[in-house]
Amino acid sequence: MKKIIAFSGKGGVGKTTALVLLLKYLLENKNKLDILVIDSDPDANIADVIGEEVRFRDTIGGKMKDLKDKIQKRQLPLDMPKNQIIEGDVFKSLIELDKFDLLEMGRTEGEGCYCYINSVLKNVIDTLSKNYDITLLDSPAGLEHFARKTGRDVTDLVIVTDPSKMGIHTMKRILEVSREVDLKFENIWILGNRFPKNLNDILRKEVENLKEENVQLLGFISNDEEISSINLTGGNLLDLPQDNSSYQEAKEIFIKII
Ligand SMILES: Nc1ncnc2c1ncn2[C@@H]1O[C@H](COP(=O)(O)OP(=O)(O)OP(=O)(O)O)[C@@H](O)[C@H]1O
Ligand SMILES: [Mg+2]
């Protein structure tokens, strides 16, 4: 089994939270699997919610900034192809934690075109994830990365929505854009986060009405006080107690993917 699971959806709906709950489930129940977590959201850090500190210079953004500085100062070795240098930098940005590896994109600051760097990155991510059983990819909010086809090898796309019209609208736009640019996923899963039980049917109907074969309702995770509290106090979401009811819900739905 090799899976690349990407989390997408409107800003703030719970993409990162859902990814970390899946990570927790995998670490506690499937500890033989090699796991890579890629945080490709430049504005947020998964590291922040799992109690790790990552310095900017250890992120890909940081490494790319160094590279651009070197290009400007003409300090690059002339005998080495640029893509090899970028690839090497990406491998150097891999953070090896106890139980899984983490790649932080970080911000790509400054002016100038990142197109070339981005295209090399796309390949590196695809290459890198071949070394792992499971890659979890946290996508930035919005749709551009779909249009740019980052993560072409994603097997499972999880679209997270909260109980809002905008959340569901973004979910539909993601499906449309993926179709337009011909992105193929084995499975597309819709996850309702922070849904009160009496509103579940609304999302259920929305998904049924999509009438798309490979799009399925993954399930629901309730709004949870403990999750809010850990977030507010800067705690580690992986330390959420085993018997937390939202974690129990998460476990039951993630079994469908893994
Ligand atoms: N089920 C939940 N119960 C309580 N709080 C939650 C739940 N899911 C998410 N949150 C909280 O909502 C906020 C946004 O969640 P999160 O960061 O996971 O969203 P996101 O989609 O990754 O946001 P962004 O688009 O900024 O990356 C956080 O404060 C998080 O703790
Ligand atoms: Mg996030």
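Remember, it's 1-based here, ligands and their atoms both numbered in the order they're listed. The first residue in the sequence is number 1, and the count goes up from there. These numbers come from the heavy atoms of this one structure, side chains and all, not from hydrogens, waters or symmetry mates.
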Checklist entry - Is it true that atom NZ of Lys256 has more than 12 heavy atoms of other residues, nucleotides or ligands lying nearer than 6.0 Å? => result yes

Next on the checklist: Can you see whether Tyr247 has Lys24 sitting over its ring - NZ or CZ less than 6.0 Å from the centre and within 45° of the normal?
Outcome noted: yes

Next on the checklist: Within the structure, is a non-hydrogen atom of Gly9 found at a distance of less than 4.0 Å from ligand 1?
Outcome noted: no

Checklist entry - Are any of the N or O atoms of Val13 closer than 3.5 Å to those of ligand 1? => result yes

Item to check | Within 6.0 angstrom of Glu252 CD, more than 12 heavy atoms from elsewhere | outcome: no

Checklist outcome for this item: So for Val160 against ligand 1, with non-hydrogen atoms under 4.0 Å, the contacting part is neither

Checklist entry - Nearest protein heavy-atom contact for atom 21 (O) of ligand 1: which residue, which atom, what distance? => result Lys15 NZ, 2.7 Å

Item to check | Over all atoms of both residues, closest heavy-atom pair of Tyr132 and Asp34 | outcome: CB-O, 3.6 Å

Checklist outcome for this item: Ranked by distance from atom 19 (O) of ligand 1, the top protein heavy atom is Gly14 N, 3.1 Å

Checklist entry - Is the count of non-hydrogen atoms from other residues, nucleotides or ligands lying under 6.0 Å from Glu180 atom CD greater than 12? => result yes

Checklist entry - How far is atom 24 (P) of ligand 1 from its nearest protein heavy atom, and which residue and atom name does that atom have? => result Gly12 N, 3.5 Å

Item to check | Heavy atom of the protein closest to atom 15 (O) of ligand 1 (residue, atom name, distance) | outcome: Thr17 OG1, 3.6 Å

Next on the checklist: Could you check whether atom NZ of Lys70 has more than 12 heavy atoms from other residues, nucleotides or ligands sitting under 6.0 Å from it?
Outcome noted: no

Checklist entry - How are the rings of Tyr25 and Phe254 set relative to one another: parallel (under 30°), tilted (30 to 60°) or perpendicular (over 60°)? => result tilted

Item to check | Which residue and heavy atom of the protein sit nearest atom 17 (O) of ligand 1, plus the separation | outcome: Thr16 CB, 4.2 Å

Checklist outcome for this item: Among non-hydrogen protein atoms, atom 4 (C) of ligand 1 lies closest to Asp224 O, 3.1 Å

Checklist entry - Would a 4.5 Å heavy-atom cut-off, applied to side chains only, mark Ser93 and Leu103 as touching? => result yes

Next on the checklist: Students should be able to answer this: which protein heavy-atom is nearest to atom 13 (C) of ligand 1, and at what distance?
Outcome noted: Arg194 NH1, 4.2 Å

Checklist entry - With a cut-off of 6.0 Å (strictly less than), are more than 12 heavy atoms of other residues, nucleotides or ligands near CD of Gln75? => result yes

Checklist entry - Is any NZ, NE, NH1 or NH2 atom of the basic residue among Lys63 and Asp66 found under 4.0 Å from an Asp or Glu carboxylate oxygen of the other? => result no

Checklist entry - Does any N, O or S atom of Thr16, backbone or side chain, fall under 2.8 Å from the Mg ion (ligand 2)? => result yes

Item to check | Atoms of ligand 1 close to Ser228 [distance to a heavy atom under 4.0 angstrom, numbered from 1] | outcome: 4 (C), 5 (N)

Next on the checklist: Once you restrict to heavy atoms under 4.0 Å, what part of Ser222 touches ligand 1? Side chain, backbone, both or neither.
Outcome noted: backbone

Checklist outcome for this item: Ranked by distance from atom 27 (O) of ligand 1, the top protein heavy atom is Asp41 OD2, 3.2 Å

Next on the checklist: Give the atom numbers and elements of ligand 1 that come within less than 4.0 Å of a heavy atom of Gly11.
Outcome noted: 25 (O)

